[in-house]
Amino acid sequence: MRGRMAVKGHLSAQWLWLLLLFIQTSLGHVEARLVGENGTCIRRVEIKRGDTWGSICDSHFDLKAASVLCNQLQCGTAVSTPGGARFREGRGPIWTEEFQCVGNESHLFYCPRPPYVDQSCSHGNEVCVICSRFRLVNGTSMCSGRVEVLVLGAWGTLCDSRWDLSDAHVLCHQLDCGVAVSTPGAGHFGKGTGPVWGDTFHCKGTETHLGFCPVTALGASQCSHDHDAGVICSGQSESLRLLTGESRCDGRVEISLGGMWGRVLDYQWDMKDASVVCRQLQCGVAESAYNLPKSDQGTGPVGLRGVRCAGHESNLTLCNTNLSETEQAGITEDVGVVCSGSRQLRLVNAMGRCAGRVEIYYQGTWGTVCDDSWNLSDSNVVCKQLGCGHAVDVAASAHYGEGSGQIWLDDVNCSGNESELWECPSRGWGQHDCRHKEDAGVLCSEFMDLRLVNGDDCSGRLEVFYNGTWGSVCSSSMAQATVDIVCKQLGCGNGGEFAEDYLYGQGSGPTWLDRVQCREQHSSLWECPSKPWDPHSCHDRGEETHITCAGKKENTTLTRFVACPNSTDCTGTSAFPCVSILHF
Ligand SMILES: *[C@@H]1O[C@H](CO)[C@@H](O)[C@H](O)[C@H]1NC(C)=O
Ligand SMILES: *[C@@H]1O[C@H](CO)[C@@H](O)[C@H](O)[C@H]1NC(C)=O
Ligand SMILES: *[C@@H]1O[C@H](CO)[C@@H](O)[C@H](O)[C@H]1NC(C)=O
Ligand SMILES: *[C@@H]1O[C@H](CO)[C@@H](O)[C@H](O)[C@H]1NC(C)=O
Ligand SMILES: *[C@@H]1O[C@H](CO)[C@@H](O)[C@H](O)[C@H]1NC(C)=O
Ligand SMILES: *[C@@H]1O[C@H](CO)[C@@H](O)[C@H](O)[C@H]1NC(C)=O
Ligand SMILES: *[C@@H]1O[C@H](CO)[C@@H](O)[C@H](O)[C@H]1NC(C)=O
Ligand SMILES: *[C@@H]1O[C@H](CO)[C@@H](O)[C@H](O)[C@H]1NC(C)=O
């Protein structure tokens with residue numbers, strides 16, 4: 001929860017827009033709405049009396065009342081009820097009603113509200129609620145269990161096949177449960193009921209909410225409750241965090257003391273200090289300790305100054321900080337660390353996460369890989385590590401453009417079973433005789449693309465690229481929403497229509513997909529559930545999808561794999577008040 005508050009500062013500029021993004025629910029005498037900040041599920045509770053909306057005092061609205069409200073608004077379960085001026089304040093009146101809910105009421109209306117209690121309550125004490133469409137069931141606490149998600153009013157589970165620790169970190173954080181310790185799958189916490197969602201989250205681990213992670217659901221394999229995903233979170237609120245890095249394991253250090261995040265300043269910050277930070281964050285070992293350049297300094301309050309660790313401490317607060325006041329005052333530089341847990345791999349320059357130039361994040365810097373002896377075995381390790389299937393094409397000679405900066409690896413000789421590229425034999429970090437024109441790349445089987453063929457750019461037979469091959473899509477039980485999403489995604493306007501059978505000829509390649517079920521809240525075809533990938537999906541070519549979009553090609557960037565934060569699609573409409581449902 002504290003982590004989320006930090007986002008507040010830069011989100012508050014969107015406040016005006018957000019006033020429009022309220023939702024209303026009719027409740028007879030009690031109308032309630034959540035007014036909130038873009039990009040979080042943290043909302044201020046407002047209640048209508050007569051024609052006037054007003055806030056509620058935090059001391060009059062507990063977690064039970066919040067549970068009732070989240071449930072009533074179909075926002076899932078209540079995580080917490082932060083109060084006390086932590087968010088942008090409302091401008092209306094503050095009601096003094098107290099809601100005394102048991103927690104199982106279907107509407108706030110049914111909760112007893114004792115008559116007027118005189119209590120001074122200011123705008124600083126307005127209550128907010130954090131609801132979550134995700135919950136953990138059947139664990140030992142609220143912070144472990146089977147992952148369940150509320151979609152269209154029903155709780156279902158998530159398939160464990162692509163659920164990883166980065167995704168789990170985001171969920172733990174979102175539920176105010178610290179960091180993820182492990183992700184036991186295979187129904188470790190018992191089998192759920194309801195649908196099993198095959199959605200794959202592509203979280204970096206730094207997102208504040210699963211709704212901010214890109215998602216793919218198209219063509220996911222069938223999954224049964226034997227494969228329900230689970231997570232065990234540390235359960236402790238985070239007391240240390242790293243900001244503005246590439247992962248949760250590198251960046252500028254902040255510490256939480258007494259509920260407030262503060263900067264850590266030091267001019268003798270060293271590897272011993274950094275080791276303590278990496279250990280406490282469960283981020284592996286320290287790879288570097290640095291001071292932030294002037295332009296990247298923090299601006300908030302200061303938590304710690306002048307830390308002197310021996311290196312073995314389990315917690316930064318256990319390190320020595322007893323400098324004299326004058327010494328303290330002289331220290332003004334923010335500190336940062338890079339822990340080994342920040343190492344990452346990505347593919348760039350190909351409009352998707354599963355194809356492109358290979359880049360590795362190491363010691364706080366992105367660098368490339370040289371193509372000397374780069375072959376299918378190496379490429380397979382890359383695809384597998386990224387959850388992108390297997391390699392279908394090996395790219396050399398900067399096929400996906402030349403990178404810049406470091407060339408991290410050369411003469412990579414993977415056997416193919418390594419789980420991370422840097423486990424493969426090579427010359428060693430930064431050892432090479434290459435230039436960027438030799439940068440290696442790969443095309444993985446899970447790389448997806450779409451197009452309309454045989455018409456013009458904005459009309460034609462729908463084809464998707466998968467497993468290295470273009471194929472068509474069957475139109476059975478396909479709704480108008482799919483057409484709209486395809487046209488928008490191709491930059492062909494906001495709508496279109498199904499064209500008659502065979503209007504744009506017939507395909508000859510695989511028929512990849514059937515039963516594509518896009519709904520309005522999906523923002524790309526990749527998010528729509530469907531039957532699993534199968535080269536023989538259609539019974540005959542007459543089932544292929546033909547589309548005529550209303551618009552013409554605009555010069556826009558396609559919306560493939562966009563992460564939520566910059567996209568209005570992700571914040572949904574008034575019909576979908578909770579940010580977290582947006583991908584379902
Ligand atoms: C709510 O729980 C209380 C006891 O905790 C019970 O008496 C009541 O019947 C329950 N109400 C509903 C609607 O389930
Ligand atoms: C809880 O988990 C156990 C196994 O750990 C399982 O036997 C039990 O059925 C589960 N209960 C529910 C309600 O899922
Ligand atoms: C670190 O120490 C502080 C103060 O002693 C304590 O509040 C906090 O829970 C500790 N954190 C961890 C992760 O042990
Ligand atoms: C700081 O603490 C150490 C031991 O904890 C002590 O030896 C030293 O004198 C203290 N220094 C100051 C300036 O208080
Ligand atoms: C890739 O190269 C390595 C040696 O560099 C070799 O052992 C391996 O068999 C090659 N893999 C393929 C698929 O050619
Ligand atoms: C990969 O397989 C080879 C034999 O094929 C084995 O010697 C090696 O230990 C394996 N490596 C890993 C990381 O599993
Ligand atoms: C990788 O394989 C190539 C060719 O098989 C060989 O020349 C090179 O020495 C190997 N590199 C390492 C680091 O093993
Ligand atoms: C939501 O916030 C993000 C990040 O500040 C911003 O980029 C985006 O434009 C905002 N969206 C809306 C609809 O205001």
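Note that these values count all heavy atoms, side chains included, but never hydrogens, waters or copies made by symmetry. Values in this document were obtained by computation on a predicted structure and should not be read as measured data. All ligand and atom numbering here is 1-based and tracks the order in the structure.
- Taken as a pair, C278 and C249 fail the criterion of an SG-SG distance shorter than 2.5 angstrom.
- For atom 5 (O) of ligand 2, a protein heavy-atom neighbour is found at a distance under 4.0 Å.
- Atoms of ligand 5 lying under 4.0 Å from any heavy atom of S377, numbered from 1 in the order shown and given with element: 1 (C), 8 (C), 10 (C), 11 (N), 12 (C), 13 (C).
- Cys pair C414/C424: SG-SG separation is below 2.5 Å.
- Where the criterion is an N or O separation shorter than 3.5 Å, residue side chain and backbone included, N375 meets it with respect to ligand 5.
- Protein heavy atom at the shortest distance from atom 14 (O) of ligand 2 is R146 NH1, 3.0 Å.
- With values rounded to the nearest 0.5 angstrom, F134 atom CZ is found 9.0 Å from L175 atom CG.
- Per-residue contacts place F189 under 4.0 angstrom from the following atoms of ligand 2 (heavy atoms of the residue considered): 1 (C), 2 (O).
- For the residue pair N380/S377, the side-chain donor-acceptor check at 3.5 Å is not satisfied.
- The SG atoms of C354 and C388 sit under 2.5 Å apart.
- Nearest to atom 10 (C) of ligand 2 by heavy-atom distance, out of D228, T193, N138, is N138.
- Atoms of ligand 2 lying under 4.0 Å from at least one heavy atom of H188, given by number and element, are 5 (O).
- Taken as a pair, C111 and C101 meet the criterion of an SG-SG distance shorter than 2.5 angstrom.
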